[in-house]
Amino acid sequence: MDTSWIEDGPADGPLMIFLHGWPERGFMWRAQLSHFAARGWRCVAPDMRGYGSSVVPADTSAYAQREIVADMVALHDALGGPPAVWVGHDWGSPVVFSLAAHHAARCRAVVSLCVPYLPQGFALANLVPLVDRDLYPEARFPDGQWGYYRWYTADFDRAVSDFEASVPNLVKLMFRPGHPGTVGRPSRSADVVPNDGWFGPARQAPDLGDDQLLLSPEEFTATVAGLTRTGFRGPCAWYVNDEANMAYASSAPRGGHLAMPVLFIHATYDAVCDTVHSALADPMRAACTSLTEDTINAGHMVMLEKPDEVNHAIATWLRAAAL
């Protein structure tokens, strides 16, 4: 196997698989794994391609959705292959949705946190038309809040090196709670290209301290060590395969329409994946037969910031859907 994973719960329990995003690890689903394992689920959380002890290819094309979905199919087979509830966050969400679109028989149901389903493919060309142009006037913000996404293709090596310059500072920056003051204001992610990178001339993340860190000291240490060991070339490569990802999405049966139960959890203070105050979730609503939506007042790292609320939302939906 090229994928490593952790698991909790009875080996004969119904299967629930949790897929992390950028720049996370499988153990960041700790609160969800323990909660649902205690209720009889077999809970599995892999390190995705490019992270931890899983495969870290050098070729950026190896991080296209087709390749990553193949990893998850192999993992699912290794776990015995019973239809699973797949849960995704950040880049884990497009993987979950791709699995549901291309391998529906493997999916009892699907949960996504923060990142909605784009049946034409999670790609910049499909994100920009959904930008709130009242908040992000096109002349000033051509890519809206997705300006940072453009930076990966504008200067990939610089993006990687800036993240690698101080991994501890970056982790402290990324794993923080959301704030209601971000609502209605342009995200700093919109200015990454004109600012010559996330951190401008400093070329590394600032040290914001750890007083609001959403990771335990042990998890912080493991996250920093893992990202230092693997580097950011793999994780950042997830952003540079748009053409391949759109072609893959276009090959899905039924035009990518999802018939299984889907739960989407909005994070109110998520400034980039703003699904509460914009049209970003509209394509998902049109592409799902059985969609349930819930909203939690948190930032992008909602499963770390409000774990009890996330667990309650998933558990309530599971009961309602008789899963």
Problem set entry | Candidates F232, Y149, W151 - the one meeting ring-ring contact (aromatic ring centres under 6.0 Å, His included) with Y239 | Y149
For this session: State whether the number of non-hydrogen atoms from other residues, nucleotides or ligands found under 6.0 Å of E7 atom CD is greater than 12.
Result: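 It does: E7 CD has more than 12 such atoms within range.
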For this session: Would you please test M72 and T3 for side chain to side chain contact (heavy atoms under 4.5 Å, CB included) and show each step?
Result: CA-CA 8 Å; M72 295 301 99; T3 301; 4.1 Å; yes
If you define the side chain from C-beta out and look only at heavy atoms, does anything of [X] sit under 4.5 Å from [Y]?
X    : Y    : value
R176 : L208 : yes
D71  : E67  : no
P46  : L19  : yes
L113 : V87  : yes
Y63  : C236 : no
W5   : S53  : no
N241 : Q65  : no
D90  : M301 : no

Between the main-chain N or O of [Y] and the side-chain N or O of [X], is there a donor-acceptor pair closer than 3.5 Å?
X    : Y    : answer
Y117 : G256 : yes
D207 : G209 : yes
R30  : E219 : no
T60  : A237 : no
N126 : G121 : yes
H102 : Y248 : yes
R49  : A62  : yes
T268 : I296 : yes
K306 : N297 : yes
D132 : S278 : no

Return the [atom1] to [atom2] distance between [X] and [Y], rounded to the nearest 0.5 Å.
X    : Y    : atom1 : atom2 : answer
F220 : D210 : CZ    : CG    : 7.0 Å
H312 : W317 : NE2   : CH2   : 14.5 Å
F27  : I6   : CZ    : CD1   : 8.0 Å
L304 : Q32  : CG    : CD    : 7.5 Å
R66  : S251 : CZ    : OG    : 5.0 Å
L173 : Q204 : CG    : CD    : 12.0 Å

Problem set entry | Ring center gap for W86 and H76 short of 6.0 angstrom | yes
Over all heavy atoms of both residues, which pair between [X] and [Y] is shortest? Give the atoms and the distance, please.
X    : Y    : value
G88  : S93  : O-OG, 3.0 Å
G299 : A267 : O-CB, 3.4 Å
C273 : H300 : SG-CE1, 4.2 Å
P23  : L227 : O-CD1, 3.9 Å
G26  : H20  : N-CD2, 3.5 Å
L135 : G184 : CD1-O, 3.2 Å

Problem set entry | Worked check of side chain to side chain contact (heavy atoms under 4.5 Å, CB included) between L99 and V73 | CA-CA 8 Å; L99 272 159; V73 167; 4.1 Å; yes
Below 30° counts as parallel, above 60° as perpendicular, anything between as tilted: where do the rings of [X] and [Y] land?
X    : Y    : answer
Y51  : W238 : perpendicular
F122 : W91  : perpendicular
H89  : W29  : perpendicular
Y152 : F156 : tilted

Exercise. Do F36 and V85 pass the side chain to side chain contact (heavy atoms under 4.5 Å, CB included) test, and can you show the C-alpha distance, the side-chain angles, and the key distance before you say yes or no?
Worked result: CA-CA 12 Å; F36 290 102; V85 174; over 6 Å; no
Indicate if [X] and [Y] have the same hydrophobic cluster label, given that clusters are the connected sets of ILVMFWY residues with side-chain heavy-atom separations under 4.5 angstrom.
X    : Y    : value
V302 : V276 : no
M303 : W22  : yes
V115 : Y269 : no
F199 : M174 : yes
W198 : V224 : yes

Exercise. Should S161 and R203 be marked as a side chain to side chain donor-acceptor pair (under 3.5 Å) after you check the CA-CA gap, both sets of side-chain angles, and the distance that decides it?
Worked result: CA-CA 8 Å; S161 65; R203 298 202 60 177; 3.2 Å; yes
Exercise. With sequence neighbours excluded, what pairs up with R140 under the side chain to side chain donor-acceptor pair (under 3.5 Å) test?
Worked result: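 With neighbours one apart ignored, the set is D191.
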Problem set entry | F175 vs M28, side chain to side chain contact (heavy atoms under 4.5 Å, CB included): CA-CA, chis, key distance, verdict | CA-CA 10 Å; F175 295 95; M28 293 180 187; 3.4 Å; yes
For this session: Considering only NZ, NE, NH1 and NH2 on the basic side and carboxylate oxygens on the acidic side, decide whether E293 and R285 come within less than 4.0 Å.
Result: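 Yes.
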Problem set entry | Result of checking T295, D294, D274, T275 against H266 for side-chain hydrogen bond (donor to acceptor under 3.5 Å, both in side chains) |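 In the set T295, D294, D274, T275, the residue that makes a side-chain hydrogen bond (donor to acceptor under 3.5 Å, both in side chains) with H266 is T275.
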